S.K.: 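My questions all concern the structure below.
Remember, predicted model here, so these are calculated numbers, not experimental data. A note on names: the letters A, B, ... follow the listed sequences, proteins ahead of strands, and every chain is numbered from 1.
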Amino acid sequence: MGRLNFVNPWSWYSVAASSEIPRGQILPIVLSGTTLVAWRAQNEKISVWSDRCPHRGMRLCLGGTRDDVLMCPYHGWVFGSDGACTHIPAHPQLTPSRAARARIYPCTEADGYIWACIGEPSTPQPTYITSSGNALTHVRTMHIAADVETVAAALMSRPLLSGPSRSNDGWNENLIWSNHDGMVESRYRQGDSDFSARLEFPGLVTCSITIGDNAPLRYTVMLQPTSTDNAAIHLSLDGAGSVEQQSLLNRDLIQLRSDLQSLWHRPTLDRIADRCADMMPDHIRG
Amino acid sequence: MARTTDPIAINHWYAVASCSDIKPGRIKKTRLLGQPIVISRLDDGALSCVEIDENGGSKPVPNLCEQYGFLWASLGTPTKPIVDLPEFAEDGRRVIRRGEIGVATSPQRIIENFIDLSHFSFVHTGTLGGLENAEVPKYNVEYREDGAELWATECRFFQPKASAATNLSTDVLYDYRIPSAFISIIYKDSLVRRGKKDLIGLFLQPLEETDTIVHSFALVHDETNTDTHILHFYHEIFGQDRGVMIHQTPKKLPVSPRRDIPTLSDASSIAYRRWLDKSGLEFGLDRNPG
């Protein structure tokens, strides 16, 4: 069956943790095969542009920032936050042509992450990520050689941290899938443990683990399709969490990556991803 | 990549080696326009160059010539002679062969960078330009030899250190000559011999559309520096250019005027792209209209 396409040009995706780009810094990023540059002005404003100077196609991520502008490393063209070229050093008296502008993309910051969209966004920009109301603690960003659809399905069928015990090489195929309010949910219960996950939109999975009467442990994974076969994921813990929890999350994520990339697990993963796709509402299918 | 089918590219002459690099008993495997070739020195001292086909068979390259200390080859029927550079036969200048440097981009990106003045202040800060003097005065662009050559003349730029032979900050006068899509020569005021020109030239060997070997030379007035010192100066500068060129996209040079946004100082680049467009050449060019 045909898999849905998560790499929607109209979806918002997280591309970096806000802390990765302090004031004056530049970061090259890739979203759905598009090479982008993210940078932060001294006034805190974040911008996400095509990583290409409109003059001669030079990568802007190798340039520099000063105050609230970005400068191309090749000919020193200066661009303001709106993408317009404001100064061409070869002709200091010249007002640059209106056509001389970097290609800008919609971007925003929410809950400590930078979000971007490579097309026309079909939803309002994210203003907060989770419904729990807790601040997110960034654990890590990791690149995985697997498509974002499979990564999402895997995260929804296998808890990180000490969730209910797992079967079938770590994957749980006895999930109860559902979809409501435009979101896909997965859930399973074993003994006094409960795991649930929710795909809120193509770039966001929130997970919750409850054991006995303990307070639920929640983590959030933001998915960034870098190409059709590769994804970056940004993992965060709801609330501060302990160093031990962060370290265990990191350990389990490394194992998840290893399993996701192994051929041995591929048939199981394909079944899980198909099951997840079946539940997908049309607006996410695109 | 297989050998190109572009007849215009096939019918050009290309430098494929520096003659003195091919020692007796040694062979050099390389490519030209996607065609694997092997260069060797025969027992009688002559240079040979053969094309290698998919089955490992070989046949001589149809046109081969030694000139200016370089071995030149053409895979087709040359429509023009090898560029005329009488300065190689004149007295007073030193010939510095600057080796072969690979750059993972199209040959046209390399020529366009070579004829560009406005990057000096940012890419060659402290030698060919300074951040305080980035302004590019107006220069002339003209076609010569019935449109067969493109020239940018009376290019003037303030340079902190224009050559290995000088530490003088001064306004330097340049003429750029593009006698073929894959060759460019700078004629630059000598700062040692007033009224004389130094020459710096690039002979490009396109391996593939976006992978190029740069053969280059300098013909300079310099009686004080060693070859090593002069080479060091040029290699530092070319390394800086290379660091820029490998990061330009697309690697093939766009010819449509809608693709990139030029400014006044890009007059030579605009003319070069238009000249390439009119020539009918496909190899190394991005002809997407944008």
S.K.: Which bit of B:Pro137 is near chain A, if near means a heavy-atom gap under 4.5 Å: side chain, backbone, both or neither?
M.R.: neither
S.K.: Side chain, backbone, both or neither: which part of A:Pro89 has an atom under 4.5 Å from a heavy atom of chain B?
M.R.: both
S.K.: Taking only Lys NZ, Arg NE, NH1 and NH2, and the carboxylate oxygens of Asp or Glu, determine whether B:Lys188 and B:Asp198 approach each other closer than 4.0 Å.
M.R.: no
S.K.: May I ask you to name which of B:Leu253, B:Asp260, B:Val123 has the most heavy-atom pairs under 4.5 Å with chain A?
M.R.: B:Asp260
S.K.: For residues 86-109 of chain A, which residue pairs qualify under ring pair (Phe, Tyr, Trp, His ring centres under 6.0 Å), counting only residues two or more places apart or in two chains?
M.R.: none
S.K.: For B:Asn113, is it the side chain, the backbone, both, or neither that has a heavy atom closer than 4.5 Å to a heavy atom of chain A?
M.R.: both
S.K.: Are any of the side-chain nitrogens in A:Arg56 or B:Asp266 under 4.0 Å away from the carboxylate oxygens of its partner?
M.R.: yes
S.K.: Any salt bridge linking A:Asp270 with A:Arg266? Criterion: basic side-chain nitrogen under 4.0 Å from a carboxylate oxygen.
M.R.: yes
